[in-house]
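Remember, it's 1-based here, ligands and their atoms both numbered in the order they're listed. Just so it is clear, the values below take in all heavy atoms, side chains as well, and ignore hydrogens, waters and symmetry mates.
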Amino acid sequence: MLDLNVLTEAVGELEEEKVLDLLNKFVATNPSEEDARTVVNACQKGMAIVGDLFEKNEYFVGDLIFAGELLTAAIDTLKPVLGRDTSKVIGKMVIATVEGDLHDIGKNIFKSMAEAAGFEVHDLGIDVSAEAFVEKIKEVQPQIVGMSGVLTLALDSMKVTVDAIKDAGLRNSVKIVIGGNPVTEDACKQIGADAFTVNAAEGVKLCQGWVN
Ligand code: B12
């Protein structure tokens with residue numbers, strides 16, 4: 001098993017070559033899904049280091065952009081071992097990053113894992129309005145709606161979106177899960193979601209529980 005601390009540090013220091021080299025070697029050992037998920041968590045911790053250094057003015061927006069590209073490449077490398085695609089559809093979900101927020105790495109990780117678990121995932125992308133969520137829910141009739149956001153302001157957009165779902169008379173037909181760095185139990189209650197998580201694997205387990 002690869003040294004997770006070394007990986008976290010390499011992500012934090014934006015050492016692309018080292019990160020991809022570590023991950024390629026890891027994938028070549030044909031690891032379990034469980035181990036692959038631990039590796040995703042280590043990458044996530046590395047992104048928290050990037051965020052801290054950005055706050056301390058040691059990194060700049062360009063570094064955030066590079067970090068985003070680095071993590072996307074890292075997750076692409078891990079995809080083959082993150083879950084084996086199943087042909088059986090166990091449920092439908094509509095997901096997106098909420099209005100005002102352009103961060104999509106966490107959402108994309110959750111999407112990959114949910115698809116591997118057998119969900120048909122309709123991904124609306126980033127900066128998605130409450131109206132667009134409502135329209136897609138009407139069209140697809142999913143059992144689950146997933147909202148992602150990492151900016152603090154995303155919490156407000158999540159509330160607006162849940163309210164719009166209620167106003168459209170759709171709240172009782174869907175379970176709602178929110179994810180991303182700022183979500184907490186309190187925020188979940190305020191927003192009126194059914195569940196929250198800062199861990200994609202945990203989110204998938206929750207969703208599996210809802211459709212079983
Ligand atoms: C990379 C990055 C960017 C990239 C994003 C690239 C991309 N394609 O996503 C770019 C350069 C675009 C960017 C832009 C900005 N960013 Co930025 N960014 C980051 C950074 C470093 C990492 C985010 C990330 O990918 N984390 C890793 C992923 C894997 O974690 P995650 O999102 O939490 O996802 C996991 C779980 O939460 C869960 N999950 C996520 N979504 C969902 C959804 C569901 C349904 C479920 C079940 C689970 C789930 O699964 C994932 C895997 O376990 C963070 C720092 C940090 N600490 O997060 C700052 C950070 C989020 N950014 C910040 C800021 C300030 C900005 C900018 C305003 C900078 C600027 N001055 O322009 C802009 C805002 C643009 C906008 N309107 O959104 C601040 C936010 C502050 C705040 N409290 O609001 C942070 C915290 C940095 C900091 N410490 O200051 N950023």
With rounding to the nearest 0.5 angstrom, report the [atom1] to [atom2] distance, [X] to [Y].
| X | Y | atom1 | atom2 | answer |
| --- | --- | --- | --- | --- |
| Phe110 | Glu115 | CZ | CD | 10.5 Å |
| Leu155 | Met147 | CG | CE | 12.0 Å |
| Thr161 | Glu131 | OG1 | CD | 8.0 Å |
| Lys79 | Met113 | NZ | CE | 11.0 Å |
| Leu71 | Phe66 | CG | CZ | 11.5 Å |
| Ser112 | Lys107 | OG | NZ | 9.5 Å |

Exercise for the section: Just do the side chain to side chain contact (heavy atoms under 4.5 Å, CB included) check on Leu170 and Lys138 with the steps written out, would you? Expected result: CA-CA 8 Å; Leu170 297 166; Lys138 283 184 185 159; 4.0 Å; yes
Practice task
Classify the contact between Glu55 and ligand 1 as side chain, backbone, both or neither, using a heavy-atom distance cut-off of under 4.0 Å.
Solution key: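 Side chain only.
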I'd like to check [atom] in this structure: does the protein have a heavy atom lying under 4.0 Å from it?
| atom | value |
| --- | --- |
| atom 40 (C) of ligand 1 | yes |
| atom 7 (C) of ligand 1 | yes |
| atom 70 (C) of ligand 1 | yes |
| atom 15 (C) of ligand 1 | yes |
| atom 12 (C) of ligand 1 | no |
| atom 61 (C) of ligand 1 | yes |

Which of the ligand 1 atoms, numbered from 1, are nearer than 4.0 Å to a heavy atom of [X]:
| X | result |
| --- | --- |
| Met147 | 43 (C), 45 (C) |
| Asp101 | 78 (O) |
| Val50 | 21 (C) |
| Ala48 | 57 (N) |
| Ala200 | 38 (C), 50 (O), 52 (C), 53 (O) |
| Gly146 | 45 (C) |
| Thr197 | 47 (C), 48 (C) |
| Ile65 | 11 (C) |

Problem - ILVMFWY cluster membership beyond Ile126 - transitive side-chain contacts under 4.5 angstrom - result: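 Besides Ile126, the cluster holds Leu102.
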Would a distance-only check, ignoring hydrogens and angles, find a side-chain to backbone donor-acceptor pair under 3.5 Å from [X] to [Y]?
| X | Y | result |
| --- | --- | --- |
| Asn108 | Asp104 | yes |
| Thr8 | Ala42 | yes |
| Asp101 | Asp127 | no |
| Arg171 | Gly192 | yes |
| Lys92 | Val140 | yes |

Heavy atoms only: which of [options] is nearest to [atom]?
| atom | options | value |
| --- | --- | --- |
| atom 33 (O) of ligand 1 | Asn181, Ile75, Thr72, Ile178 | Asn181 |
| atom 51 (C) of ligand 1 | Cys43, Ala193, Gly106 | Gly106 |
| atom 83 (N) of ligand 1 | Val61, Thr152, Leu70 | Thr152 |

Handout entry: Closest heavy-atom pair and its distance - Ile178, Val183
Key =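 Taking Ile178 first and Val183 second, the nearest heavy atoms are CD1-CG1, 3.9 Å.
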Nearest to [atom], what protein heavy atom do you find, and at what distance?
| atom | result |
| --- | --- |
| atom 30 (O) of ligand 1 | Gln44 CG, 3.7 Å |
| atom 29 (C) of ligand 1 | Ile109 CD1, 3.6 Å |
| atom 24 (C) of ligand 1 | Met47 CE, 4.1 Å |
| atom 36 (C) of ligand 1 | Val198 O, 3.2 Å |
| atom 49 (C) of ligand 1 | Gly179 CA, 3.6 Å |
| atom 9 (O) of ligand 1 | Asp104 N, 2.8 Å |

Handout entry: Short side-chain donor-acceptor distance under 3.5 Å, Glu99 and Ser129
Key =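 Side chains of Ser129 and Glu99: no pair found under 3.5 Å.
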Below the 3.5 angstrom mark, is there an N/O of [X], backbone or side chain, next to an N/O of ligand 1?
| X | answer |
| --- | --- |
| Leu102 | yes |
| Gly180 | yes |
| Asp52 | no |
| Gly100 | yes |

Problem - Side-chain touch Glu33/Leu82, heavy atoms, less than 4.5 angstrom - result: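 Glu33 does not reach Leu82 side chain to side chain.
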Problem - Steps toward side chain to side chain contact (heavy atoms under 4.5 Å, CB included) verdict (Ile105, Met47) - result: CA-CA 10 Å; Ile105 298 168; Met47 292 303 257; 4.0 Å; yes
Practice task
Salt-bridge test for Glu139 and Lys136: reply yes if a basic N is under 4.0 Å from a carboxylate O, no otherwise.
Solution key: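 Here Glu139 pairs with Lys136 in a salt bridge, since their nearest N and O are under 4.0 Å apart.
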Exercise for the section: Quick one: name the protein N/O/S atoms under 2.8 Å from atom 17 (Co) of ligand 1, chain by chain. Expected result: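 Within the sphere that stays under 2.8 Å of atom 17 (Co) of ligand 1, the protein atoms of type N, O or S are His103 NE2.
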Please list every donor-acceptor pair under 3.5 Å in which a side-chain atom of residues 15-24 meets a protein atom from a residue at least two apart or in another chain.
from	atom 1	to	atom 2	distance (Å)
Asp21	OD2	Lys25	NZ	3.0
Asn24	ND2	Leu20	O	3.0

Problem - Pairs meeting criterion side-chain hydrogen bond (donor to acceptor under 3.5 Å, both in side chains) with involvement of residues 46-72, two or more places apart - result: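 Non-adjacent pairs meeting side-chain hydrogen bond (donor to acceptor under 3.5 Å, both in side chains): zero.
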